[in-house]
Amino acid sequence: MSVRSASALPEAAAAPERAGGRRALAARRRRLMVNGLRLLVLVVWIGSWELTTRIGLVDKFFFGMPSGIVQRLWTWITEGTALGPLWEQVLVTMEETVLGFLVGSVLGIILGIALGRNRLLADVLSPYIKAANSIPRVVLGALFAISLGLDLKSKVATASILVFFVVFFNAFQGVREVDRNLVANARILGADGRRLTTEVIIPSALSWIAASLHISFGLALVGAVVGELFGATEGVGELIYNAKNNFDANGVFAGMALLAVVALVAESLITALESRLIKWRPNPVTDVAI
Amino acid sequence: MAPAIQLRRVTKRFLTPKGGVYTAIRDLSLQVAPGEFCALVGPTGSGKSTTLALISGLEPPSEGEVEVFGKPVTGVGHNIGYVFQADAVFPWKSVLDNVAAGPRYRGASKREARERAQDWISRVGLAGFEDRYPHQLSGGMRKRVALAQTLINSPEVLLMDEPFSALDVQTRTLMENELLQLWAASSASVVFVTHDLEEAIALADRVYVLTAGPATVKGNYVVDLPRPRNVAEIRFQPRFDEIYQEIWSDLRDEVLVSYERQKRIGAA
């Protein structure tokens, strides 16, 4: 249409096109400005850190320095770490995180839905669940390090217990919040108890569960790293722990940077999963704008 | 022949969250003949929706008997269709799968259910929208989905709870005409709840007027307007006016009672 009107009515068509072009230009300019300012913040932050440690205003022994962190990462990448090649450490931590995430969220979803559907079970267990939720569960990592040993199992257990409670409470609440009209409609249409669960309860609880998966993947990473701090032979947490023991602030920061990259990659994977799971929703969460 | 729906001196009480007892319906008796289109009108909060819940089997009566085709109602019957006031189509299912849900729940194969759903989607004028999700449709289109979803099960008893109250006037008239056509092609007995007396007269063979809650039947009126009807035009017939005046004189008192009561609650 724009092609036809552009040739037939050049005057009339050009005006709105120009206006649209101006708007697009303004939007592009704004994007450029935002990105420029972001870069500026980074440069000022890293630059002042580097500068103040270099001139001795801040003690680089305690606070590290950006060039030192980059150097440490580079050595880890090229020469490997004290524990072995770097990719192996990252892989180990990832494995613990993903396994803990899967175990915790599957258990959380199953138990959340079961308790949401069964009033008696919910009433009987609710004080225990509340009590278990109120203790700082990270300390269980110490217990798991004793009982399950220093390998994969204790980290997966720590990660999954952190994930479990978040997913459990969301699944439970999601089941409780199901629209009663939808349940009545499904029953009238002929759904039995099993169909009601699979066709109405679970899909409608899914948006609650999906929201909790974002938070809980981060928690799985926390669980895995804390588990490694309590005692491990490999992993990014163990790298950080070693660096700490050697008073190597740069090493601690380098470990943190690695974890940040892992978390960001995982976040984008979870977002993709979420928009697949609830593609029917009007406004899927595609970007968390702050 | 047994009436399609029979309520004998039915009372329904609910426990309120504060522990009190709320009587929604008291001593209500009504009957609907097979194939009859029956409308329930009454002031807001007069237990109209509760009456439908009792007939459908979603709620048991506290006292009295509810029978559908001569059999006492115990649980949700397989021959019941229910169009809800609020949107009750499944937001996570496409139009096609929403309409196919009934046959699927009743044991049809996926292919068969989808074929039948396709047919009903065209009948309610939604061909081409099979893959859309409910949030992508207008309110009127969602009502069409709900109608197709209900009618695909060929219910012998069709319950409708103010189904068109959320629609604009034009869409509403359109939907009312389509409902009459779809109903004429079936042999279903209909109970249509509304607070709009014009809508009740335009659609129904018989209008029950309920009292302000607790609901009981104040009167029932035969609407002897010829069929097939055009909802948009039937309002201009002299006979329509006569029936309207007759019923309104009954309904007005109940509306006033309910209005005074609400004012008192509001003032307290």
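Please read these numbers as outputs of a predicted model, since none were measured by experiment. Per chain, numbering begins at 1; letters A, B, ... match sequence-line order. Every heavy atom of this structure was used, including side-chain atoms; hydrogens, water molecules and symmetry mates were not.
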Chain B contacts, top residue of A/N181, A/L182, A/N185 (heavy-atom pairs, under 4.5 Å) | A/N185
Going through the checks in order, is the side-chain hydrogen bond (donor to acceptor under 3.5 Å, both in side chains) test met by B/D161 and B/S49?
-> CA-CA 6 Å; B/D161 189 356; B/S49 305; 2.9 Å; yes
Between B/E67 and B/K71, is the closest basic N to carboxylate O distance under 4.0 Å?
-> no
Which of B/I80, B/L58, B/I152, B/L159 touches chain A most, by non-hydrogen pairs under 4.5 Å | B/L58
Segment of B/Y82 engaging chain A (4.5 angstrom heavy-atom cut-off) | both
Look at B/P155, B/G102, B/G75, B/A88 and state which one has the largest set of heavy-atom pairs under 4.5 Å with chain A.
-> B/A88
Is chain B contacted by the side chain of A/R195, its backbone, both, or neither, given a heavy-atom distance below 4.5 Å?
-> side chain
Pairwise side-chain contact, B/M175 with B/L147, heavy-atom cut-off 4.5 Å (strictly under) | yes
Among B/L15, B/T16, B/T11, which one satisfies side-chain contact (heavy atoms from CB on, under 4.5 Å) with B/R13?
-> B/T11
B/Q85 portion near chain A, given a 4.5 angstrom heavy-atom threshold | neither
In terms of heavy-atom proximity below 4.5 Å to chain B, should A/S207 be classed as side chain, backbone, both, or neither?
-> neither
Quick one: do B/T194 and B/E162 satisfy side-chain hydrogen bond (donor to acceptor under 3.5 Å, both in side chains)? Show the steps, please.
-> CA-CA 5 Å; B/T194 175; B/E162 304 195 21; 5.9 Å; no
Which atoms of B/V89 come close to chain A, meaning under 4.5 Å heavy atom to heavy atom: side chain ones, backbone ones, both, or neither?
-> backbone
Pick one of side chain, backbone, both or neither for A/V200, based on which atoms fall under 4.5 Å of a heavy atom in chain B.
-> both
Above 12 or not: heavy atoms from other molecules or residues under 6.0 Å from CZ of B/R26?
-> no
Can you tell which part of B/Y105 gets under 4.5 Å to a heavy atom of chain A, answering side chain, backbone, both or neither?
-> both
Please determine, by modelled atom types, if A/R117 and A/T197 share a side-chain donor-acceptor pair under 3.5 angstrom.
-> yes
